[in-house]
Protein chains: 2
Amino acid sequence: MNARPDPDQATPAFAAHDHRACEARALDEAEGRLARQGGRMTPVRRRTLEILLESHRAMGAYEVLDRLAAEGFGRQPPVAYRALDFLVEHGLAHRLQRLNAFAACLHPGQDHAPAFLICRACDTLAELPAPPVHAALSDLAAETGFAVERATIEAVGLCPACAGAPA
Amino acid sequence: MNARPDPDQATPAFAAHDHRACEARALDEAEGRLARQGGRMTPVRRRTLEILLESHRAMGAYEVLDRLAAEGFGRQPPVAYRALDFLVEHGLAHRLQRLNAFAACLHPGQDHAPAFLICRACDTLAELPAPPVHAALSDLAAETGFAVERATIEAVGLCPACAGAPA
DNA sequence: GATTGACTTGTTATCATGTAACATGAAAGG
DNA sequence: CCTTTCATGTTACATGATAACAAGTCAATC
């Protein structure tokens, strides 16, 4: 129930902190991680990670690309996408995803706190009422002082049918 | 603990069911809802909803657009987007969102079950370790027989700073 | 130290997704 | 009938993402 554990561990992003150190530590860990995993930390990749680390914000690939181009790296989309993909693959960055797709609502009217289950084999989508999950999320967020207004909860996996009969 | 409550209420999407009835019921409820809310159920909108209801799948806007165009409606993107937005606004469809953006990972190495908190005012993003939320989601999913492999949990709201000093 | 092979970077071209801005058309209300 | 409002349609563009290919780098071996 301690809302502020070791700041080095929990890094709330909202709290005031020594960002320079925060950045340096992440870069440091990255180097170590890559050394152990055999990945190569090249200039573009390092710079890309630094750019991402500058702010506690999610950035679009093209925003990153602009920065890279301004510093003499290639100005074509693949340059940024490749560096970003590399970082994600090695656990150094996250991709915040969106499906950009629509589905009919099967529970209109009921109070809405849905979660979505998407089968990666047959693309079937199930909408579940998920108040407990939303509650768990809101509680966690509240510990950092964040007020959740809307939440997106999507799971990818295998539906019973596809799990039973893998193609 | 009943894995199969009233099928009319829980509609698992994965279970065998009378889809014709399922579709009809949703359309029916939609009409009622719009009548109460004052929304207008026009031909494009109705057709769009029907298309979405045909399958338990999420569809891309351009996929819907192709269908609409083939049936004599406009063939420009806004036609589909407007109909879909309308349905979403009136609670008749969901938009499965993802941010399509990147952020540096602040907890590399730790076992990863993160949730993201995105402040809508300052765009600051916090990454939280959220095993309880993932656990709650997996438990819920397991009740339908779905095996979660990856989950995306994103919350939009106000960070403490922006909540305290609303611009 | 030359050669090979894997990997990285860069390019061009194209596709997919989403929106802004404006013109026309139908419908409800006075 | 006229006005206001909302729906539909268009063109044009912004943004996000990838395929396919050419060239450079680097380490390891022969």
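Here is the naming used below: chain letters follow the sequence lines, and residue numbers restart at 1 for every chain. These numbers were taken from a predicted model, which means no experiment stands behind them.
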Worksheet item: Do A:Arg67 and A:Arg47 touch side chain to side chain, with heavy atoms closer than 4.5 Å?
Response: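 Touching, per the 4.5 Å side-chain cut-off.
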Item to complete: Decide yes or no for B:Val44 and B:Leu68: does some side-chain heavy atom of the first lie under 4.5 Å from some side-chain heavy atom of the second?
Response: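 Answer yes - side chains close enough.
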Discussion item. Check whether A:Ser138 reaches the backbone of A:Ala135 with its side chain - one donor and one acceptor, N or O, closer than 3.5 Å.
Written reply: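 No, the answer is negative, given that no donor and acceptor are paired below the 3.5 Å cut-off.
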Discussion item. For A:Cys162 versus A:Cys119, what's the shortest heavy-atom pair and its separation?
Written reply: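 Minimum heavy-atom contact is SG-SG, 3.7 Å.
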Practice prompt. Write down the atom of B:Leu140, the atom of A:Pro132, and the distance for their closest heavy-atom approach.
Written response: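 Smallest interatomic distance, heavy atoms only, reads CD1-CG, 4.3 Å.
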May I have the distance from [X] (atom [atom1]) to [N] (atom [atom2]), rounded to whole angstrom?
{"X": "A:Leu84", "N": "C:dT9", "atom1": "CG", "atom2": "P", "value": "12 Å"}
{"X": "A:Leu65", "N": "C:dT11", "atom1": "CG", "atom2": "P", "value": "10 Å"}
{"X": "B:Glu63", "N": "C:dC15", "atom1": "CD", "atom2": "C1'", "value": "16 Å"}

Discussion item. Determine whether a donor-acceptor pair (one donor, one acceptor, N or O, separation below 3.5 Å) exists between the side chain of A:Tyr62 and the base of D:dA17.
Written reply: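 Such a pair exists between side chain and base.
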Item to complete: Would you kindly check whether a donor in the side chain of A:Arg82 faces an acceptor in the base of C:dG10, or vice versa, at under 3.5 angstrom?
Response: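 By the distance-only test, yes, there is a pair.
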Give me, pair by pair, the N or O atoms of the protein and of nucleotides 5-7 of chain D that are less than 3.5 Å apart, along with how far apart they are.
unit_1, atom_1, unit_2, atom_2, d
D:dA7, OP1, B:Arg45, NH1, 3.2
D:dA7, OP1, B:Arg45, NH2, 3.3
D:dA7, O5', B:Arg45, NH2, 3.1

Practice prompt. Please tell me which of A:Gln76 and A:Pro43 maps to the more 5' nucleotide of DNA chain C, matching each residue to the nucleotide holding its nearest heavy atom.
Written response: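 This one resolves to A:Pro43.
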Worksheet item: Is B:Glu89 salt-bridged to B:Arg45, cutoff N-O under 4.0 Å?
Response: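 Answer for the salt bridge query: no.
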Worksheet item: Any idea which of D:dT11, C:dT11, D:dA17 is nearest the A:Pro77 side chain?
Response: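 The answer is D:dA17.
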